[in-house]
Amino acid sequence: MSFLHRTLVSASRTTAVRSQFRRLTLPMIINPSLRSASSLAPKLKDPSLFKENVCYVNGEWVQAKSGNTFKVHDPATGQLIGSCPEFDAKDTEAAVAAAQAAFQEFRHKTGRERSKLLRKWYDLMVENADDLAALISWENGKPIADAKGEAAYAANFFEWFSEEAPRIYGDTIPASVPGNRVVTIKEPIGVCALITPWNFPAAMLTRKAGPALAAGCTVVCKAPGETPYTPLALAELAHRAGIPKGVVNVITALNNTPSVGKTLTTNPDVRKVSFTGSTAVGKLLMEQSSSTLKKLSLELGGNAPFIVFDSADVDLAVQSAIASKFRSSGQTCVCANRIYVQRGVYDEFAEKFAAKVRQFKVGNPFETGTTHGPLIHARAVDKVEHHVQDAQSKGAGVLLGGSRIPDLGPNYYQPTILTEMTPDMALAHEETFGPVAGLFPFTTEDEVVKLANTSPVGLAAYLFSRDVQLVSRVTESLEVGMVGVNTGLISDPAAPFGGVKESGFGREGSKYGIEEYQITKMITYGGMGGPLQK
Ligand SMILES: NC(=O)c1ccc[n+]([C@@H]2O[C@H](COP(=O)([O-])OP(=O)(O)OC[C@H]3O[C@@H](n4cnc5c(N)ncnc54)[C@H](O)[C@@H]3O)[C@@H](O)[C@H]2O)c1
Ligand SMILES: O=CCCC(=O)O
C-alpha cells in the first residue's frame, strides 16, 4: 500500500480499525472531556504559519484597503480563532493585476524550473505537516488524524504535478493538405481564479494550484471564509519555496464573497475559473463567467449512490461504507449519500454497519481518540436535522443517532443510521453533507440503476459485488464521473476526479488535470516537404 493510500485509509478508517479493539456500547461514545477555552489554540511548532489579518498578494502580506475584517470561529467550540481581511472588488482587482504581471515572466519558465518550485513547495508542506494538520482541525473541525491525512493528500498534488510539469507535450499531426505540416503546442491559459471550499482547506487548493503552476499559469486563490488560515499558511510556504511574487496570491473574504466572486468571474485578465463547492454557486459562477467566456472547471455537489448487491462481501461493504459515508463527518462531495442494499443482505448489512458506528467517538477534534468532530456551521446542522426529520415523517426508522449533541457544542450531530428509506425522502434527492446514512432496500439490478441515476448530479458512485459481469454492466450504466468498485475510497492525486450532469465538469488530479490549465495552440507550416530539390 502506498504512503498516500495509507494516510487516506488511516485517516478515514480510524474508526474501523479502532473499533476492533473496543467494547460495543450503546449509543455511540461521546468524548467526554471537552477542552477548556484556554487550551483551544493548538500549539504550532512554527507559529509564524498562522497568518492573522493579512492576505498574500504580489509576494507581500497585505490588509484589505478598507481595513475591514471578518471573524473566524472554531466549529468545535464556537470560540473565536481570529480575524481575516474582508477583501472587496478593488482588493481583488489588485490581486488579479499582480497575477497578470507575474504571468508574463512565469509562463516562460521551463517545465523543469516550474517543477523544482512545486517540489520545494511540496517538501515544505511535508516538513510542516503537523502544523498544517493542526490548522485544518482547528478551523474545519475534522479530527487531527483525518487532518494529517488531508495534509499528506494535499501535499501529494504538488508532488504529482511537479512530476508532470517537465512532461508537457504537443503533437505532430499529418495534414490533409499536401505540403502542410501541423503541430500543436500546449500553452498556459493565463491567470486562474481558484475558488475553494472549507471541507478540504488544503487539498482543494493544492489540487488546483498544482496543475495551474505546472502548466505555467499564475493564480488568485479565494480562500473559504470558514477556513482561511490553512490556505494562508500554504501561501507562506509558497513564499518560502521561492515562488516568484505574484504567481500565487491568496485572498480572503466572507461577507464580500459574492462581489469577490463576481470580480474574479468578470475580470478579462482572468482566463480560467476553477471552483469546488455547491451546484448552486457553480451555476452562478458559470453565468457570470459567460461575460468573458472563461474556461471553467466546476467540481460541484454529489449525491453518491453506494450499492451493495447480494453477491457482495458484506464485511468489506460495511467497512467501505463507514469510510465513505462518515469521512469528515459526511462532509465530502464523494461521501456515500444513498446506501442501496439488496434485500438478501439488507438486515446483515444494517446490523454490522450499526455495530461499527456505535463505536465512533464523537468529540473535540484534538482530543485523543476522537473519531468524528463537529459539522462546519449551524446551517450544516440544520440541513442534517431536516433530512432526518423529513425521513422519519415519511416512515424511515432511526437505527442509531438522530439528534444533535448540544453537550458537545452547537455544531455536533450524532452519527445517524436511517432504515427503510424511500425515494420520496429529501435525502434521496439532496446531498446531506453530514453524518447521516440512509439505507434504501432494493430488489433488482434494473431497479437500483434507475434509482441511482434519477439524481440530477453525478459525481461518484460505489458498488459492491463479486459478480464480475454484474459489476461491468452496472459500472457502465451509472451516470457519474467516478465509480468505486469494492472500495469506498477513490481519491488519489493519480486519478482523474470530477463529475457529470450537475456535478460539473473538468477533471482534477492525474495526467488529465493539467489540461484544464492549458490551451492547445495549433500551428500549420505551409510549403513543407515534397521531393528533394536536385
Ligand atoms: N464539492 C465539494 O467539495 C463541496 C464543498 C463544500 C460544499 N459543497 C456543497 O455545498 C453545500 C453547502 O456548503 P456551502 O454552503 O459552504 O457551499 P457553497 O457553495 O455556498 O460554498 C462553498 C465555497 O464557495 C465559495 N462561494 C460561495 N458563494 C460564492 C460566490 N457567490 N462567489 C464566489 N465564491 C463563492 C465560498 O468560498 C465557500 O467556501 C453542501 O451541501 C455541498 O453540497 C460541496
Ligand atoms: O469534497 C471534495 C473532495 C474530496 C476528495 O478529494 O476526496
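What you see is a predicted model; the values in this text were computed from it and never measured. Whatever order the structure lists ligands and atoms in, that order sets their numbers, starting from 1.
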Visitor: What do the steps show when you test Arg207 against Glu299 for salt bridge (charged side-chain N to carboxylate O under 4.0 Å, His left out), and what is the final call?
Guide: CA-CA 11 Å; Arg207 187 154 83 181; Glu299 202 273 272; 3.2 Å; yes
Visitor: To the nearest 0.5 Å, tell me how far Leu205 CG sits from Ser274 OG.
Guide: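 Answer for the CG-OG pair, Leu205 versus Ser274, is 10.0 Å.
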Visitor: Can a donor-acceptor pair be found, under 3.5 Å and without considering hydrogens, that links the side chain of Thr432 to the backbone of Gly434?
Guide: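 No, the answer is negative, given that no donor and acceptor are paired below the 3.5 Å cut-off.
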Visitor: So does His239 have more than 12 non-hydrogen atoms from other groups sitting under 6.0 Å from NE2?
Guide: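 No, because the 6.0 Å sphere around NE2 of His239 holds 12 heavy atoms or fewer from other groups.
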Visitor: State whether the side chain of Lys65 and the backbone N or O of Asp91 hold a donor-acceptor pair below 3.5 Å, judged by distance alone.
Guide: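 No: the side chain of Lys65 does not pair with the backbone of Asp91.
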Visitor: Assign the ring pair Trp138 / Phe50 to parallel, tilted or perpendicular, where the plane angle (0 to 90°) is split at 30° and 60°.
Guide: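 Trp138 vs Phe50 ring planes: tilted.
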Visitor: Could you list each N/O atom of ligand 2 together with any protein N/O atom closer than 3.5 Å, one pair per line with the distance?
Guide:
{"from": "ligand 2", "atom 1": "1 (O)", "to": "Asn199", "atom 2": "ND2", "distance (Å)": "3.0"}
{"from": "ligand 2", "atom 1": "1 (O)", "to": "Cys333", "atom 2": "N", "distance (Å)": "2.9"}
{"from": "ligand 2", "atom 1": "6 (O)", "to": "Tyr153", "atom 2": "OH", "distance (Å)": "2.6"}
{"from": "ligand 2", "atom 1": "6 (O)", "to": "Arg207", "atom 2": "NH1", "distance (Å)": "2.9"}
{"from": "ligand 2", "atom 1": "7 (O)", "to": "Arg327", "atom 2": "NH1", "distance (Å)": "2.9"}
{"from": "ligand 2", "atom 1": "7 (O)", "to": "Arg327", "atom 2": "NH2", "distance (Å)": "2.9"}
{"from": "ligand 2", "atom 1": "7 (O)", "to": "Ser491", "atom 2": "OG", "distance (Å)": "2.4"}

Visitor: Test Glu508 against Lys208 for salt bridge (charged side-chain N to carboxylate O under 4.0 Å, His left out), laying out the working first.
Guide: CA-CA 7 Å; Glu508 298 198 302; Lys208 296 179 193 304; 2.9 Å; yes
Visitor: When you look for protein heavy atoms under 4.0 Å from ligand 1, which residues do they belong to?
Guide: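 Protein residues near ligand 1 are Ile195, Thr196, Pro197, Trp198, Asn199, Lys222, Pro224, Glu226, Thr257, Pro258, Gly261, Phe275, Thr276, Gly277, Ser278, Val281, Leu284, Leu285, Glu299, Leu300, Cys333, Arg379, Lys383, Glu431, Phe433.
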Visitor: Are Glu516 and Lys272 ion-paired here, with the side-chain N under 4.0 Å from a carboxylate O?
Guide: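 Yes, charged N to carboxylate O under 4.0 Å.
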Visitor: Classify the ring geometry of Trp121 against Phe158: parallel below 30°, tilted from 30° to 60°, perpendicular beyond 60°.
Guide: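 If you compare the ring of Trp121 with that of Phe158, the planes turn out parallel.
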